[in-house]
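Data block below; observations after.
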Amino acid sequence: MDALKIFNLLVAAAFFLCYAYQFYYIPVAWFRKRKPHGPETLHRFAVLIAARNESAVIGNLLDSLRAQNYPAELLDLYVVADNCTDDTAAIAASRGARVWQRFNTHRVGKGYALEFLLDRVCLTAEQEYDGFLVFDADNLVDPDFVRQINRTYCDGYSVVTCYRNTKNYGDNWISAGYGLWFLREARYLNDPRMKRGTSCAVSGTGFFFSRQVLEQCGGWKFFCLTEDIEFSIRNVTNGVRIGYCPEAVIYDEQPTEFVQSWNQRLRWSKGYLQVLQRYGGELASGMLRGSFSCYDMMMNILPAQILTLLSCGVNLTAAVIGLWNGIPAETFLLPFLQTLAGMYGTLFFLGFVTTVTEWKKIRCSALRKIGYAFTFPLFMMTYFPIYVVSLFKPVKWVPIRHRRSLTLEQVCAVKEK
């Protein structure tokens, strides 16, 4: 079984080679200063919200948008009630949003809902918008969000992503796993990318894009299961540098049930494969031209899945062969357990660093913050079987149910116990 040990070491080395730059990002986030904002001009924006049976949460989102420190006449709210069977549309209209209802069970998913909404916004708006802000219905938006996005837009970024926090971080290890990942993505991926002058990545919600970018893309044409990653890579491969605004903060609700989390992350994993199939050649071409942003995007959708699947497959095969030939189980289990221990240690380090530096921004008790740093690696390692299943199982878009009806004030009032 020496060959198995060597194989696992090679896999670990490959992981390190692919992702070592992300460890370099940590001191960049700590020590490199951001450039100050330049002169600011106020712009006219449209807010886009795709909602499917979100009556429990959409009112709070719209209230937080109405409370923005930004001229109300420059910010219009639009909602598509997508195949809703509840009173989402009525609640959104009562909060001052313009609402369209969409009923189409053949083209389902957020990408199609955004295309539907944008087509109607662009056709009916009395004036052209300078840009568009996209939110999910369960989000809560910090009062200074739009103003900070506008400042970053004025700095020359035509696509901007935000600091994504979680309103139910303390519910359990699953919601905390999501929350810690998104905090790490903001602080230790997008922030150093911005400081180094490379491109950031849009993460599902709380992002901005300009009218010029929409026109360059020929409208909203992003329908993969991960339309946010598709949108990011489409712009990166076209030379658009995506910016990051840490002062623009949103809170969103994360799943708490494992089955729901499994289904969501299975969709994400399948979506990565779809994006790779569609844009892999362009990313590779950009890498050959020296684009670090293309390399960065490729690392975020490809190696982890391939190396994880390869490692699991080889170790499982070795276990079967070993048992068949009467070899003691510990002989082939020990190298695999050592590999898992190394992965756990690496993920714990990343989660612990994020927990410590973002401590005051995490809305739950101190004891839970500490405990969830230890469960974060376990949450991430549940991706292993998800990767395997995503290769073989057809995946369809399924809506995530949101039930936590909290105001921004309630979320921000959570203190350590």
Side-chain angles (χ1 to χ4, degrees), residues 18-19 22 48 50 108-115 132-136 139 157-164 178 181-186 188-190 193-194 198-209 213-214 216-244 250 252 254 261 263-287 291-306 308 380 383 386-387 390-391 395-400:
C18 289
Y19 296 107
Q22 294 190 7
L48 310 174
V108 296
K110 183 178 175 181
Y112 294 113
L114 285 176
E115 178 196 38
F132 305 87
L133 295 154
V134 178
F135 298 101
D136 289 342
N139 296 162
Y157 292 92
S158 54
V159 183
V160 184
T161 191
C162 72
Y163 185 96
R164 186 173 178 180
Y178 280 98
W181 169 260
F182 288 126
L183 290 176
R184 176 184 173 267
E185 181 182 53
Y188 291 111
L189 291 179
N190 282 332
R193 286 165 176 161
M194 182 77 164
T198 61
S199 184
C200 304
V202 164
S203 180
T205 184
F207 65 94
F208 161 86
F209 58 90
V213 162
L214 184 66
Q216 290 169 9
C217 294
W220 186 267
K221 304 298 180 186
F222 307 103
F223 309 119
C224 287
L225 291 170
T226 49
E227 77 290 327
D228 54 339
I229 301 299
E230 183 183 7
F231 175 74
S232 296
I233 291 178
R234 167 68 165 76
N235 282 285
V236 168
T237 55
N238 279 2
V240 176
R241 191 172 54 171
I242 300 173
Y244 165 66
I250 65 165
D252 68 339
Q254 303 302 343
S261 172
N263 291 332
Q264 184 185 57
R265 290 184 290 149
L266 180 62
R267 172 173 64 83
W268 291 352
S269 296
K270 195 71 171 184
Y272 293 157
L273 295 174
Q274 292 176 342
V275 171
L276 179 64
Q277 182 179 18
R278 183 168 300 181
Y279 294 96
E282 294 179 45
L283 284 173
S285 177
M287 289 165 59
S291 171
F292 182 80
S293 293
C294 285
Y295 172 80
D296 194 1
M297 294 301 109
M298 182 72 88
M299 292 304 101
N300 279 273
I301 65 172
L302 177 62
Q305 286 183 318
I306 290 180
T308 298
M380 294 303 297
Y383 266 109
I386 291 173
Y387 289 155
S390 68
L391 282 177
V395 179
K396 295 182 179 180
W397 183 86
V398 178
I400 299 295

Of all heavy-atom pairs linking Gly286 and Cys294, the shortest is CA-SG, 3.8 Å
Could you measure the distance from the CD atom of Gln216 to the CG atom of Asn235? Nearest 0.5 Å is fine. 7.5 Å
Within the structure provided, determine whether Asn300 and Asp296 are in side-chain contact (heavy-atom separation under 4.5 Å). yes
As an exercise, state the distance from CZ of Arg184 to CE of Met380, rounded to the nearest 0.5 Å. 8.0 Å
Taking atom CG of Leu283 and atom CG of Leu276, what is their separation to the nearest 0.5 Å? 8.0 Å
Intermediate values then yes/no, side chain to side chain contact (heavy atoms under 4.5 Å, CB included), Tyr19 and Met299: CA-CA 7 Å; Tyr19 296 107; Met299 292 304 101; 4.0 Å; yes
Between Lys270 and Val395 (side chain of the first, backbone of the second, donor and acceptor by atom type, cut-off under 3.5 Å), is there such a pair? no
Can you confirm whether Leu183 sits close enough to Tyr163 that some side-chain heavy atom of one is under 4.5 Å from a side-chain heavy atom of the other? yes
Taking C-beta and beyond as the side chain, do Thr205 and Val134 meet within less than 4.5 Å on heavy atoms? no
Residues passing the side chain to side chain contact (heavy atoms under 4.5 Å, CB included) test with Ser203, sequence neighbours excluded, are Arg164, Phe182, Glu185
Does some side-chain heavy atom of Met298 sit less than 4.5 Å from a side-chain heavy atom of Tyr295? no
Ring pair (Phe, Tyr, Trp, His ring centres under 6.0 Å) against Phe135, all qualifying residues, sequence neighbours excluded: Phe145
Just by distance, no angles: are the side chains of Ser261 and Tyr178 close enough, under 3.5 Å, to form a donor-acceptor pair? yes
Could you tell me if the side chain of Gln274 sits less than 4.5 Å from the side chain of Ile229, heavy atoms only? no
Listed by chain and number, what are the side chain to side chain contact (heavy atoms under 4.5 Å, CB included) partners of Asp228, not counting sequence neighbours? Val202, Thr226
Taking the side chain as every heavy atom from C-beta outward, state whether Asn263 and Val398 have any pair of such atoms under 4.5 Å apart. no
Closest non-hydrogen contact found for Lys396 with Leu225 is C-CD2, 4.2 Å
I'd like to check the ring pair (Phe, Tyr, Trp, His ring centres under 6.0 Å) partners of Phe209; sequence neighbours left out, ordered by chain and number. Phe132, Trp220, Phe231
Minimum-distance pair of heavy atoms, taken over all atoms of Gly206 and Asn139: N-OD1, 4.4 Å
Quick one, Lys110 and Glu115 - any side-chain contact, counting heavy atoms below 4.5 Å? no
Pairing residues for Glu230 by the side chain to side chain contact (heavy atoms under 4.5 Å, CB included) criterion, not counting sequence neighbours: Phe222, Cys224, Val275, Arg278, Tyr279
Show the nearest heavy-atom pair for residues Cys200 and Thr161, with the distance to one decimal. CB-CG2, 4.3 Å
Chi angles and distances behind the side chain to side chain contact (heavy atoms under 4.5 Å, CB included) call for Trp397, Arg267: CA-CA 7 Å; Trp397 183 86; Arg267 172 173 64 83; 3.5 Å; yes
Only counting residues at least two apart or in another chain, list the ones meeting side chain to side chain contact (heavy atoms under 4.5 Å, CB included) with Arg241. Tyr157, Ser199
Would you say the side chains of Tyr112 and Glu227 form a donor-acceptor pair under 3.5 Å? no
Could you pull out the closest heavy-atom pair between Leu114 and Ala50, with the gap in Å? CD2-CB, 4.5 Å
Do Tyr383 and Arg265 come close enough that some side-chain heavy atom pair is under 4.5 Å? yes
Can you give me the closest heavy-atom contact between Ile386 and Ser269, atom names plus distance? CG2-OG, 3.5 Å
